[in-house]
2 protein chains.
Amino acid sequence: MRRGLILAIRMRLEIIGITGLPEVRPGDDLAALIGQAAAQQGQPIDRLVVLAVAQKVVSKAEGAVVDLRGIQPTALARSWAIQWGKDPRLIELILSQSRRIVKMDRGVLIVENRLGFVCANAGVDQSNTEGDDFATVLPQDPDASACRLHQALGCGAVLITDTFGRPWREGLVDVAIGVSGMEPLEDFRASRDRRGRPLAATIIAMADQLAAAAGLLMRKPDGCPAVLLRGVEWKAAEGSARSLIRRPEQDLFR
Amino acid sequence: MRRGLILAIRMRLEIIGITGLPEVRPGDDLAALIGQAAAQQGQPIDRLVVLAVAQKVVSKAEGAVVDLRGIQPTALARSWAIQWGKDPRLIELILSQSRRIVKMDRGVLIVENRLGFVCANAGVDQSNTEGDDFATVLPQDPDASACRLHQALGCGAVLITDTFGRPWREGLVDVAIGVSGMEPLEDFRASRDRRGRPLAATIIAMADQLAAAAGLLMRKPDGCPAVLLRGVEWKAAEGSARSLIRRPEQDLFR
């Protein structure tokens, strides 16, 4: 009976969107803003909680916002922009945030960005900025951003999330681009199935599963860039989203 | 005050793992087993709930289990199996479940399976089977499997989930391979940001985000193949996981 009770408790997760954050501006203390909004909502942030924060507000608070008027597009950026009806300054910014072009076709620009993540447009985004002359880029070091929030808020772990496409499947999903306090990959290869056979190929991208779960609440009209996840079991570690990047020598799709 | 209360309620999801399912066998009434286990756990299944069920138990209940002793491997299957230390019968089964080989390199077999999903090993799996001579394949028609559970249990929507790898990122995530009662993609392009700018590129793979969230509870040692998600807002529709498959003419990574 008691075991059943414990199991039932462990088998329940809660995902809570923190509402009421103000428009975030460069220099804002994001940890303080999230902490205050959570407190106002009666949601204490403690060591049992995983906090997921959307990249966009982290970039804004850190001033990772670029004024496109200061950008001189190269010939490559101009030619691509003209061909596909894009802003050449924006294309130039995307190229400057990239270290390898993975695919440049039909107006789509998939790159390995300066952090090593393969994604569209290197994470450069114009939504929720101050107008057509501004774009956000990814935080300088999303792991460090996660670590600062982790320490300031005293939560169990922090994920910085962004919204990525995937080959072969339609639609975007949220993934982790910054991690603090958690091993982002969980290795179940030592686990065995009910018949004692070792489970094959079961390294699970826990941080990405959590990011996707948090993403279910992040896309509300009011904006909900911070999400708490309670009831999660995770492997405590310093953690880094770099663990989620496939090493070139193991990547069959470079 | 009242608006705040409503918001707070909407901004909270609950994910509940249904424990205590028996070992599922061919011919079992999976809907009945899930309904009974949920009831025993005091978790009513109603129209407000999304039910996610792991592919493995669906395949088992539907008898999608193959006795490898009846398989005659082709030369291709034998040669690949010898080169990489695999069971040639298993390779033959994988090939028979495929309609296109996407990548066959370094012992890894990524295929477009007969349903159109691109994944490793066509979804063929030996874990939790009756021994080395048996493997499960994906359900014949996972949308139809989802639809049957949907109708039998009277829940809001049903997802059949499986665990897939991704290019460029380490670790597996859970995705939807069968959908009933929900539009698997949610289109936020009509939405506008706080400044009135239309949100770009924001078709979200809701069904995959939900599958990933459910996956957080599916990998417990006791096995937890059925998960309830409460508090989710979704667009009701007949639904099909085929919507999640990128059309060849739009796929830059074929």
Side-chain angles (χ1 to χ4, degrees), chain A residues 7-8 11-17 19 23 41 103 105-106 108 110 118 120 126-128 131 163 166-175 184-185 188 191 193-195 197 199-205 208-210 212-213 215-217 219 221-224 232 243-246 251-253, chain B residues 7-8 11-17 19 23 41 103 105-106 108 110 118 120 126-128 131 163 166-175 184-185 188 191 193-195 197 199-205 208-210 212-213 215-217 219 221-224 232 243-246 251-253:
Chain A
L7 260 181
M11 282 300 183
R12 185 170 162 280
L13 305 184
E14 246 187 316
I15 312 179
I16 300 145
T19 57
E23 183 80 40
Q41 215 173 307
K103 197 67 89 170
D105 192 13
R106 303 176 224 182
V108 176
I110 312 283
V118 176
Q126 281 198 296
S127 64
N128 277 304
T163 310
R166 306 86 50 90
W168 314 319
R169 290 180 80 81
E170 289 289 344
L172 309 178
V173 292
D174 293 290
V175 299
L185 296 169
F188 291 85
S191 307
D193 69 16
R194 293 186 186 197
R195 298 183 67 85
R197 173 198 295 275
L199 291 175
T202 36
I203 298 180
I204 301 296
D208 285 343
Q209 303 261 70
L210 288 165
L216 290 166
L217 288 181
R219 219 149 282 95
D222 298 337
C224 177
V232 178
S243 314
L244 291 162
I245 300 171
R246 187 156 292 162
D251 191 347
L252 298 178
F253 295 94
Chain B
L7 261 180
M11 281 300 184
R12 186 169 161 281
L13 306 183
E14 246 187 318
I15 312 180
I16 300 145
T19 57
E23 184 80 41
Q41 215 173 306
K103 196 69 87 170
D105 193 12
R106 304 176 222 182
V108 176
I110 312 283
V118 176
Q126 280 198 296
S127 64
N128 277 304
T163 309
R166 307 85 50 90
W168 313 319
R169 290 179 81 80
E170 289 289 344
L172 309 178
V173 292
D174 292 291
V175 299
L185 296 170
F188 291 86
S191 306
D193 68 17
R194 292 186 186 197
R195 299 183 65 86
R197 174 197 296 274
L199 290 176
T202 37
I203 299 180
I204 301 295
D208 285 343
Q209 302 260 72
L210 289 164
L216 290 166
L217 290 180
R219 221 149 279 96
D222 298 337
C224 177
V232 178
S243 314
L244 291 162
I245 300 171
R246 186 154 294 162
D251 190 347
L252 298 178
F253 295 94

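Each chain gets a letter, A, B and so on, in the order its sequence line appears, and its residues count up from 1.
Counting heavy-atom pairs closer than 4.5 Å to chain A, the top residue among B/L252, B/V108, B/D251 is B/L252. If you tally non-hydrogen atom pairs under 4.5 Å between each of A/A213, A/P184, A/A120 and chain B, the highest count goes to A/A213. Between chain B and the residues A/D208, A/D105, A/I245, the largest count of heavy-atom pairs under 4.5 Å involves A/D208. Interface summary for chain B: among A/I16, A/V118, A/I110, the most heavy-atom pairs under 4.5 angstrom belong to A/V118.
Applying the side chain to side chain contact (heavy atoms under 4.5 Å, CB included) test to A/L185 and every residue at least two apart in sequence or in another chain returns A/E183, A/I203, A/A205, A/S243, A/L244, B/E170. Not counting sequence neighbours, the partners of B/E14 by the side-chain hydrogen bond (donor to acceptor under 3.5 Å, both in side chains) test are A/R12.
Residues B/D174 and B/R219 meet the side-chain proximity criterion, which asks for heavy atoms closer than 4.5 Å. Looking at A/I204 and B/T163, their side chains come closer than 4.5 Å, going by heavy atoms from C-beta outward.
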